[in-house]
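The structure under discussion appears below in the form of structure tokens.
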Number of protein chains: 2
Amino acid sequence: MKLGEGVEAAIHCAATLASVEGNSTMPGAALAESFGLSPSYLLKHLNMLTAARILESVPGPAGGYRLARAAERITLLDIVLAVEGREPAFRCGEIRRNGPVKLDASAYVKPCGINAAMLKAEAAYRAALAETKLSDIVATYAAEGDPRSLAASCAFVERHQRPQKPNPTTKV
Amino acid sequence: MKLGEGVEAAIHCAATLASVEGNSTMPGAALAESFGLSPSYLLKHLNMLTAARILESVPGPAGGYRLARAAERITLLDIVLAVEGREPAFRCGEIRRNGPVKLDASAYVKPCGINAAMLKAEAAYRAALAETKLSDIVATYAAEGDPRSLAASCAFVERHQRPQKPNPTTKV
DNA sequence: TTATCGTGGATAGATTTTATCTGCAATAGG
DNA sequence: CCTATTGCAGATAAAATCTATCCACGATAA
């Protein structure tokens, strides 16, 4: 069981974008630089977040990314599912049917108990992720993070964020 | 996020071995046949279970595998960790340090909040897995499974299990 | 018009997963 | 002792996935 590195990048980027003021945006290249990531590859993950309506993107110069809704309404589960996909980690192959004795399909109408137990555990995992909001991450960082790190992040955001024209159609 | 297919195979095999009487064993080839799996590959997973002291193996003709302890004392978590490894699914790459501004390491003594949140969710996952015992799986199967499937499984175990000499050193 | 930005597709290298085979050690039974 | 069966370790390789890069394209602010 393993999560791709994109999850870590996506959460960090989303947390950074939560610090961007108003409807300003931040270019993907700046986000990549902010965490020492490959820009081309990070865009793939940011794209996943955009497709999942977690981020909004603005093309053109002075464009970039911003949160699609308030950080209070974005959970870690939203981000993880957007990047890793919505399929459960445990996929039942129904190998119980593959024995030497072939039974009628009616013998397997009841769901596999092993699958049920695994999915139940995964539901607990997702519930825990759903409990943590992006705003919690940011708040914890602001409250407990090192002041130097905090100052550096704020300066970086300040330097790279770009104000947008008020746009009625995309306005929150 | 994905679990290997070996997990499903391992749990099914362990559940099957829970039905073996006394200290009898069942060969890996029989277990593979029981679920239509590749024998060579299944042995790899069974080996993981043996290394984790979940199964015991007996070499030689009339040898095979059996549970190393009672099914009541084996949880799904034991099996999942044995097969998939004990490392957490989310691995923090500390990308927060990789920005353009290099800070002293002392700025990062506090653990990354994102990592903490992800590991907390994973702890919930593991706790849920730890709550389910192998004996629960078997009991549910016996109580709710289709009688035909149940009968076929029992017959298969009956046919392939092999009694062992009483061995004081390995005795439970 | 130009330069900047996001999007999508093609591509390729690295890593992991899945699977097979072989030789080896252990051992029950003759 | 001999043989057949079984588990074990290692090499190997095919397949899938993850990571990473590049380029052509459309959008748009200045």
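Order of the sequence lines sets the chain letters (A, B, ...), proteins ahead of strands, with each chain counted from 1. Bear in mind that the values here come from a model prediction, so they are computed numbers and not experimental data. FYI, side chains are in, hydrogens and waters are out, and symmetry mates aren't considered; it's all heavy atoms of this structure.
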Open item on the list: My understanding is that a hydrophobic cluster links ILVMFWY residues whose side chain heavy atoms are under 4.5 Å apart, including indirect links. Using that, what else belongs to the cluster containing A:V138?
Closed with: none
Task: DNA chain C: 5'-most and 3'-most nucleotides touching chain A, 4.0 angstrom heavy-atom criterion - done: C:dA3 to C:dT16
Open item on the list: Among residues at least two apart in sequence or on other chains, which ones pass ring pair (Phe, Tyr, Trp, His ring centres under 6.0 Å) with B:Y41?
Closed with: B:H45
Task: d(CD, A:E87; C1', D:dA16) in whole Å - done: 15 Å
Open item on the list: In whole Å, I'd like the distance from the CG atom of B:N47 to the P atom of D:dG10.
Closed with: 10 Å
Open item on the list: A:R96 vs A:E94, test: salt bridge (Lys or Arg N to Asp or Glu O under 4.0 Å). Steps then yes/no.
Closed with: CA-CA 5 Å; A:R96 59 177 179 169; A:E94 287 285 338; 2.8 Å; yes
Open item on the list: Within a 6.0 Å radius of atom CE on A:M48, are there more than 12 heavy atoms belonging to other residues, nucleotides or ligands?
Closed with: no
Task: side-chain N/O A:S38 vs D:dT21 OP1/OP2, d < 4.0 Å - done: yes
Task: B:F35: ring pair (Phe, Tyr, Trp, His ring centres under 6.0 Å) partners, not counting sequence neighbours - done: B:H12
Task: Interatomic distance where NZ belongs to B:K2 and C1' belongs to D:dA15 [whole Å] - done: 11 Å
- [ ] Using whole Å, report how far OH of B:Y41 lies from C1' of D:dA15.
- [x] 12 Å
Open item on the list: Nearest whole Å is fine: how far is D:dC18 P from B:R91 CZ?
Closed with: 11 Å
Open item on the list: Tell me if a side-chain donor or acceptor on A:E144 pairs with a main-chain N or O of A:A142 at a distance below 3.5 Å.
Closed with: no
Task: d(CE, A:M1; C1', D:dT17) in whole Å - done: 17 Å
Task: Residue list, ring pair (Phe, Tyr, Trp, His ring centres under 6.0 Å) with B:Y141, at least two apart or on another chain - done: none
Close N/O contacts between protein and nucleotides 3-7 of chain D (under 3.5 Å):
residue: D:dT5; atom: O2; partner: B:P61; partner atom: N; Å: 3.2
residue: D:dT6; atom: OP1; partner: B:R162; partner atom: NH1; Å: 3.0
residue: D:dT6; atom: OP1; partner: B:R162; partner atom: NH2; Å: 2.5
residue: D:dT6; atom: O4'; partner: B:G60; partner atom: O; Å: 3.4
residue: D:dT6; atom: O2; partner: B:G60; partner atom: N; Å: 3.4
residue: D:dG7; atom: OP1; partner: B:G28; partner atom: N; Å: 2.7
residue: D:dG7; atom: O3'; partner: B:S57; partner atom: OG; Å: 3.3

Task: B:R91 side chain to A:L3 backbone, donor-acceptor under 3.5 Å - done: yes
Open item on the list: Can you measure A:M48 atom CE to D:dT17 atom C1' for me and round it to whole angstrom units?
Closed with: 12 Å
- [ ] Classify the nucleic acid contact of B:K44 as base, sugar-phosphate or nothing, counting any heavy atom under 4.0 Å across all strands shown.
- [x] base
Task: Test applied, salt bridge (Lys or Arg N to Asp or Glu O under 4.0 Å); reference residue, B:D78; option that passes from B:R69, B:R126, B:R86 - done: B:R69
Task: Atom pair distance, as rounded to whole Å: CD in A:E8 and P in D:dC18 - done: 16 Å
